[in-house]
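Only one structure is covered here, and it is reproduced in the block below.
Predicted, not measured: the structure shown is a model, and the values here were computed from it. All values below were derived from every heavy atom in this structure, side-chain atoms included, with hydrogens, water molecules and symmetry-related copies excluded.
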Amino acid sequence: MKSTTAFLITCCLLFGCQSTEHQQADELFTQWNSSDTPGVAFAVVQDGSIIHQQGFGQANLEYGIPITPTTVFHIASISKQFTVFAIMLLEKEGKLSLEDDIRKYVPEVPDFDKNITLRHLASHTSGLRDQWELLVMAGWRMDDVITTENILKLISRQQQLNFDPGEQFMYCNTGFTLLAEVVARVSGQRFADFTEQHIFHPLDMQNTLFYDDHEKVVKNRAYSYYQDSAGYKKSVLNYANVGATSLFTTVEDLSRWTTNFSTAQVGDTSIFRAMNTPIVLNNGESMGGALGQFVGEYKGLREIQHGGADAGYRTHLSRFPDQQFAVVVFSNDASVNAGGLAHQLVDIYLADSLEVAPEPAEKAEKETELNITIEEETLNSYSGNYELQPGFIINITNDQGQLYAKVPNEPQRSLNPISNHEFSVDGWDGTVAFPIDSTGEISVLKLSVGGQTMEAVRVKPLNLSPQDLTEYTGRYYSEELATTYILTAVDTGLVAKHIRLSNISLAPRKKDVFSGDTWAFGEVSFVRNTNNEISGFQVSSGRVKNLLFTKVESISPTNN
């Protein structure tokens, strides 16, 4: 113990407090310092140099290969800023313009009678439906081999936009797949080759590539995992598409990329300024989305960031240009909150620069309360479904005195009381509250995160008789997806059956409207003809609105 203490004192004398900062950083990741779990790699960059980097846990659980700062990760949506950068390099050469219509380069995109520019694609304002949700609706599994060709064919069949270009912001992976295709067609090179030649090689990012071949061997790669009651399982990813995702890199290499924003070894300040400028919608309003990145503030400091999540990979990159500082966090464990860990690193290394608002006395009191006990009857009154947006349902359940929250495509999370009606969310930086309205009822759920509060309206259960449900049953076909669902009636509502997917439960919410229990089938709204007969339904989810299925055959109750 004495020798360790002496060593720490010596380090502090020689290097100031930095060694203590490094220790604090490492302590954030100790739970993954194991030979039995996936793990995390991170890097901290200051003034163009990596001042600390580490790896914890295993890159491959089957062979016991540890994670290091040179382990290669699939970094998911952080890829998008590289796609935008490639487009802007071509614009700098005069080979295209961000104001060009996408159909100039990819004529397979349908003519929606709207001008969809490359800028719209790069800023999530195109109105196009999201490729992942379309694929799942069409019967694809997310661990299928999915190529750029598959995605382009699906885009070519679309008949409707979510909204007019430039009118709204809605996160859309489709736009970045199209941008990568534009780079390939304009340059005459595979997108992976163009980015290698013009970005990765000049920046000495030797372990970085866009992965467009699912059979390609990549040395030192990490495989991804998720955990269930049986332990860790492989979370398989077979993407062979690029632009929106599929960048393979290391925390070391991505640190070199962060430095380029100040050194301009590749590109120039005009490109960086354009990428870092928040977009403006048609109505003149601005928001945090920029080109392939998000711009905002963190505790008083200007921050440019993006995160990523595919299969079991969880990644985050935050840059603080005014401090010449950046943090990179990669994980191959689906339960990891990479963004939260990244900001904890920021808290450690930029502690002297951060503005930390004093907590209200009321909140401080709540957090000092211990062993809060809430009556079972009260917890049961909170249970139910709450709609945050059309098709996005937050499900609250009470299991033997423990409240849980479940949202589509995310694991169930426990809610921990900080007062009789307010709860913190396990593994997530936010709170959930159940205010009592003027009638004494719980009619909304209040979700608070990042200084913003959103309301989710409670969905009251609608009981339909078997006879009522029968009129919704039948075979339904989507021309846009070239796929069929069969809807049958059960005691609790409807079941949507697809030849390749697990059955989807549809619960009645109001007349002709049902809620699905999967992320890509959030809301099903039935359409009636002039004779008041069911003629089809429209599906909406987080990033797909009103996709039409036409009823092609009724099903008799005996075959239901």
Side-chain angles (χ1 to χ4, degrees), residues 77 79-92 94-134 151-152 154-183 185-186 243-245 270-296 304-306 389-392 452 454 480 538 540-548:
S77 287
S79 310
K80 291 178 172 66
Q81 58 195 273
F82 289 87
T83 304
V84 170
F85 190 69
I87 283 285
M88 300 192 76
L89 288 177
L90 289 173
E91 184 179 49
K92 195 73 177 178
K95 294 182 177 179
L96 54 76
S97 167
L98 280 175
E99 311 314 320
D100 289 340
D101 190 299
I102 180 58
R103 298 187 74 249
K104 178 178 179 180
Y105 306 103
V106 189
E108 304 97 295
V109 175
D111 183 1
F112 297 103
D113 198 28
K114 307 289 181 182
N115 187 38
I116 302 175
T117 67
L118 304 187
R119 184 182 299 277
H120 288 139
L121 300 176
S123 58
H124 302 283
T125 60
S126 68
L128 288 167
R129 292 163 169 161
D130 189 80
Q131 62 192 38
W132 303 134
E133 296 186 21
L134 288 175
I151 295 169
L152 291 177
L154 194 57
I155 295 170
S156 71
R157 299 181 66 94
Q158 295 303 294
Q159 299 174 7
Q160 186 177 335
L161 296 172
N162 285 330
F163 51 82
D164 287 347
E167 288 294 314
Q168 299 179 35
F169 171 91
M170 182 179 286
Y171 196 91
C172 181
N173 290 282
T174 311
F176 292 84
T177 297
L178 288 171
L179 289 175
E181 186 67 11
V182 170
V183 171
R185 296 187 185 189
V186 171
T245 184
S270 66
I271 291 178
F272 305 147
R273 191 181 308 114
M275 289 181 65
N276 297 343
T277 301
I279 61 167
V280 178
L281 298 175
N282 294 344
N283 61 6
E285 293 183 1
S286 184
M287 42 77 69
L291 300 182
Q293 307 175 109
F294 292 96
V295 179
I304 302 168
Q305 56 84 20
H306 209 299
Q389 60 181 13
F392 190 95
Q452 293 186 331
M454 299 169 283
E480 294 172 88
Q538 292 180 322
S540 295
S541 57
R543 300 171 186 171
V544 171
K545 303 301 179 187
N546 302 322
L547 193 141
L548 180 64

[X] to [Y] - nearest heavy-atom pair and separation:
X: A122; Y: V84; value: CB-CG2, 3.9 Å
X: F176; Y: T83; value: O-CG2, 3.7 Å
X: L90; Y: V183; value: CD1-CA, 3.9 Å
X: F169; Y: Y171; value: CE2-N, 4.0 Å
X: S126; Y: L121; value: CB-CD2, 3.8 Å

Ignoring hydrogens and angles, tell me if any N or O in the side chain of [X] forms a donor-acceptor pair with the backbone of [Y] under 3.5 Å.
X: S79; Y: G243; value: no
X: N162; Y: K545; value: yes
X: R119; Y: L98; value: no
X: Q293; Y: I304; value: no
X: D130; Y: N173; value: yes

Results of side chain to side chain contact (heavy atoms under 4.5 Å, CB included) for [X] - residues two or more places apart only:
X: S97; value: E91, E99, D100
X: P110; value: F112, I155
X: L548; value: Q538, T550

| task | Report yes if the side chains of E108 and E181 come closer than 4.5 Å at any heavy-atom pair, otherwise no. | result |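 Of all side-chain heavy-atom pairs linking E181 with E108, none is under 4.5 Å.
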Requested in this report: Start with the C-alpha distance between Q131 and L154, add both sets of side-chain angles, then the distance that settles side chain to side chain contact (heavy atoms under 4.5 Å, CB included), and finish with yes or no.
Outcome: CA-CA 8 Å; Q131 62 192 38; L154 194 57; 6.0 Å; no
Check against side chain to side chain contact (heavy atoms under 4.5 Å, CB included), Q158 and L547: CA-CA 9 Å; Q158 295 303 294; L547 193 141; 4.0 Å; yes
